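See below for the structure under consideration.
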Amino acid sequence: MESEIRGWFTGRMPEGWFSGPPEIVLDREEIAVLGTLPDPPAEGGEAERAALVDGLIRRFREETRERRIEIAREAERRFRQKVSWGVVCGGETVMFTTLSVPVMTRLRQSERQVLDTLVAAGVARSRSDALAWCVRLVGKHTDTWLADLRDALQHVDRVRSSGPDVNS
């Protein structure tokens, strides 16, 4: 399914939007389309370069908005998942739209106290924000391990899909 979605989006993107095929990131609820914009010239100071990257990202977002919405609606009907968009430019990643999906969890008192401490310290506004902060922190520090785990899961999906159909 992932290769079908990747191919579909690559085929639907207008030429010149990105410097290569878009990266497609999937989960149960969302298809995230992340394209790389051409890098800006390296001349100028750090502040000038940061402003240039910001301007390029904003211009791309505004100039492509209607077409991205059209492609997203078509994809949402076809794949029955929401679509979000983002770009990478000058080493910076900016997501334009993303889903925020509620997730139910059960935590023991000691785990809730961690969240409450983050709220009391002003790191997060709520337990929900604190939990999201913790998940981002873990994800940031375990990228390699999570990438290996995702690769293994993709391999399992490929093997599973090539096996016999047990629903027949």
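As the structure is a computational prediction, the values presented were derived from the model and not from experiment. Keep in mind that the numbers below use all heavy atoms, side chains included, and drop hydrogens, waters and symmetry copies.
Atom CG in L131 sits 10.0 Å away from atom CZ in R136 (nearest 0.5 Å). To the nearest 0.5 Å, the span separating CD on E2 from CZ on R6 amounts to 4.5 Å. Rounding to the nearest 0.5 Å gives a distance of 4.0 Å between CD1 of I5 and CD1 of I31. Interatomic distance, T144 OG1 to L149 CG, rounded to the nearest 0.5 Å: 12.5 Å. One distance of note links OG of S3 with CD1 of I24; it measures 11.5 Å at 0.5 Å rounding. L118 CG to R125 CZ: the interatomic distance, rounded to the nearest 0.5 Å, is 13.5 Å.
Hydrophobic clustering of Ile, Leu, Val, Met, Phe, Trp and Tyr side chains at less than 4.5 Å, counting indirect connections, unites V53 with F18. When hydrophobic clusters are built by joining Ile, Leu, Val, Met, Phe, Trp and Tyr residues whose side-chain heavy atoms come closer than 4.5 Å, directly or via intermediates, V135 is not grouped with V103. One hydrophobic cluster, built from ILVMFWY side chains closer than 4.5 Å, cannot hold both L34 and V94; they sit in different ones. The hydrophobic cluster containing L52 does not contain V87, counting ILVMFWY residues as joined when their side-chain heavy atoms lie under 4.5 angstrom apart, directly or transitively. Side-chain heavy atoms closer than 4.5 Å link hydrophobic residues (I, L, V, M, F, W, Y) into clusters, and following such links, possibly through other members, connects L26 to F9.
Look at R49 and E46 and you find no salt bridge, because none of the NZ, NE, NH1 or NH2 atoms lies under 4.0 Å from a carboxylate O. Salt-bridge check for R58 with E62: failed, with every basic side-chain N at 4.0 Å or more from each acidic carboxylate O. Salt bridge present: E4 and R78 bring a charged side-chain N and a carboxylate O closer than 4.0 Å. Note on E74 versus R12: salt bridge recorded, some NZ/NE/NH1/NH2 to OD/OE distance being below 4.0 Å. The existence of a salt bridge linking D116 and R112 is excluded, since no basic side-chain nitrogen approaches an acidic carboxylate oxygen closer than 4.0 Å.
Looking at S126, its side chain does come within 3.5 Å of a backbone N or O of D129 through a donor-acceptor pair. Of the possible polar contacts, one joining the S19 side chain to the T36 backbone as a donor-acceptor pair under 3.5 Å is found. Side chain of R61 to backbone of F96: a donor-acceptor contact under 3.5 angstrom is found. T97 places no side-chain N or O within 3.5 Å of a backbone atom of S84 that could act as its donor or acceptor partner. Under the 3.5 Å distance criterion, the side-chain polar atoms of E23 are left unmatched by any main-chain donor or acceptor of G35. When atom types are taken as modelled, the side chain of E111 and the backbone of R108 share a donor-acceptor pair closer than 3.5 angstrom.
Counting heavy atoms from C-beta outward, W85 and I71 have side chains that approach closer than 4.5 Å. Contact of the L107 side chain with the L115 side chain is registered, since non-hydrogen atoms from C-beta on lie closer than 4.5 Å. The closest side-chain heavy-atom distance from I69 to R65 is below 4.5 Å. Counting heavy atoms from C-beta outward, V33 and M13 have side chains that approach closer than 4.5 Å. The shortest distance between side-chain heavy atoms of D157 and R160 falls below 4.5 Å.
Using a 30° and 60° split on the angle between ring planes, W8 and F79 fall in the perpendicular class, above 60°.
Counting heavy atoms of neighbouring residues, nucleotides and ligands inside a 6.0 Å radius, atom CD of E66 does not exceed 12 of them.
For the 3.5 Å distance criterion, the side chains of E30 and Q81 fail to qualify, holding no donor opposite an acceptor.
Across all non-hydrogen atoms, the minimal contact from V119 to A130 is CG2-CB, 4.4 Å. Contact detail for P38 and C89: the closest heavy-atom pair is O-SG, 4.0 Å.
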